[in-house]
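These notes concern the structure reproduced below.
Letters A, B, ... mirror the listed sequences (proteins, then strands); counts begin at 1.
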There are 2 protein chains.
Amino acid sequence: MNIGQAAKASGVSAKMIRYYEQTGLIPKADRRQSGYRDYSDTDVHMLRFIRRSRDLGFSVAEIQELLGLWRDESRESAEVKRLAQSHIDDLKKRIAALEDMTNTLTKLVGACHGDHRPHCPILEGLESDGADEDLSIRPRRGAVAG
Amino acid sequence: MNIGQAAKASGVSAKMIRYYEQTGLIPKADRRQSGYRDYSDTDVHMLRFIRRSRDLGFSVAEIQELLGLWRDESRESAEVKRLAQSHIDDLKKRIAALEDMTNTLTKLVGACHGDHRPHCPILEGLESDGADEDLSIRPRRGAVAG
DNA sequence: ATGGGGCTTCCAACCATGGGAAGGTCAAGC
DNA sequence: GCTTGACCTTCCCATGGTTGGAAGCCCCAT
């Protein structure tokens with residue numbers, strides 16, 4: 001099977017297959033006399049594993065570990081689970097960071113009239129240091145008159 | 001003010017300040033006779049704006065737009081709001097993607113015993129095509145007996 | 001004036017991926 | 001057999017945002 005067919009069958013682009021080979025994530029493919037790489041169904045199977053792992057957000061380094069465990073018949077499932085759980089924790093941190101961003105930004109957007117006038121609490125919020133300061137929607141008692 | 005002091009005052013590293021200057025995000029800094037860059041409080045103000053925008057996940061390209069609006073006294077707040085909202089939408093997409101990953105992965109982790117034995121539904125899940133297949137936690141009504 | 005820290009520029013690396021150029025190979029049709 | 005077009009090969013470059021380092025000059029305090 002040519003690299004293009006392996007790519008189509010696995011969902012990993014030919015570019016990336018070569019890259020994975022070059023970086024040692026996958027073993028060097030067999031070659032035909034012509035120099036073309038030759039892939040078996042087993043190879044495609046492995047590539048699909050990689051593809052799927054990438055889709056779940058694993059880094060290539062993590063996939064290297066996963067592949068090792070995958071191939072190791074005497075692995076302990078606990079090790080796989082630990083790896084997966086640690087990745088989940090990482091994903092959750094990233095989600096939390098993004099949610100912090102949306103929350104802050106949503107507050108700012110809510111405070112902005114969004115009309116033809118130049119006054120804009122969003123820009124003001126970007127100037128200030130991010131504490132709740134003046135962008136609170138609640139009327140600031142006492143600050144209105146002062 | 002030297003670049004190091006501007007960096008400390010703004011929260012943007014000296015490296016990044018030079019990079020932003022090089023890429024045109026910020027104007028070229030004044031130079032002293034020695035060749036050292038010289039920064040004013042206004043410059044620091046701008047750098048803090050950038051820093052804060054980065055913290056909220058805006059790309060440098062988006063910050064370029066934001067800075068333009070920031071400097072434009074006759075901007076329409078609607079435009080800022082539109083930009084911010086579009087960024088929020090983007091953030092939400094990224095969050096949703098990460099949540100899909102955690103959900104799938106959490107299901108797999110939940111199905112894995114995580115003991116000394118090699119059998120591991122996580123690895124099996126990475127092999128298969130990601131449909132709910134066998135790893136569903138909900139009892140599949142009708143599928144149980146059949 | 002000397003030492004150490006700060007500044008300058010330039011170059012490289014990260015991670016995963018895509019684009020493209022220059023040239024060899026395969027398969028199909030004539 | 002020969003042409004054609006799709007496919008393969010290697011190699012280099014770009015992305016984005018940031019950090020690291022090297023080589024050399026400058027500034028301030030002692």
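Within the 4.5 Å cutoff, no side-chain heavy atoms of B:Arg52 are placed close to those of A:Glu127. B:Leu56 has its side chain out of reach of B:Ser53: every pair of non-hydrogen atoms, C-beta onward, lies at least 4.5 Å apart. Side-chain atoms of B:Asn103 and B:Lys107, non-hydrogen and from C-beta on, never get closer than 4.5 Å to each other.
In this structure a side-chain-to-backbone donor-acceptor pair under 3.5 Å is present from B:Asp38 to B:Met1. Counting only distance, with no hydrogens or angles, the side chain of B:Asp115 and the backbone of B:Arg117 share a donor-acceptor pair below 3.5 Å. At distances below 3.5 Å, at least one donor-acceptor pair connects side-chain atoms of B:Gln5 with backbone N or O atoms of B:Asn2. In this structure, the side chain of A:Arg75 engages the main chain of A:Trp70 through a donor-acceptor pair within 3.5 Å.
Rounded to a whole Å, the CE atom of B:Met1 is 16 Å from the C1' atom of C:dC7. Protein atom CZ of A:Arg51 is 13 Å distant from nucleotide atom C1' of C:dA16, rounded to whole Å. One can place CD of B:Glu62 at 12 Å from P of D:dG16, the figure rounded to the nearest angstrom. Look at CD1 on A:Ile63: it is 8 Å from P on C:dA16, rounded to the nearest Å. Look at CD1 on A:Ile3: it is 13 Å from P on D:dC7, rounded to the nearest Å.
Under a 4.0 Å N-O distance rule, the pair A:Lys93/A:Asp89 does not qualify as a salt bridge.
The side chain of A:Arg37 contributes no N or O atom lying less than 4.0 Å from OP1 or OP2 of D:dC8. At D:dT19, one or more side-chain N or O atoms of B:Ser13 fall inside 4.0 Å of OP1 or OP2 (strictly under the cut-off).
Residues B:Val44 and B:Met46 share a single hydrophobic cluster, defined by chaining ILVMFWY side chains whose heavy atoms lie under 4.5 Å apart.
Of the candidates C:dC7, D:dC7, D:dG17, the closest approach to any side-chain atom of B:Met16 belongs to D:dG17.
A heavy atom closer than 4.0 Å to some atom of DNA chain D occurs in A:Arg18, A:Arg31, these being the qualifying members of residues 18-31 of chain A.
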| note | Counting primed atoms, P, OP1 and OP2 as sugar-phosphate and everything else as base, the B/S/- map of nucleotides 20-30 of chain D against protein heavy atoms under 4.0 Å is BB----BS---
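Between A:Phe58 and B:Gly4, the residue anchored closer to the 5' end of DNA chain C is B:Gly4, taking for each the nucleotide with the nearest heavy atom.
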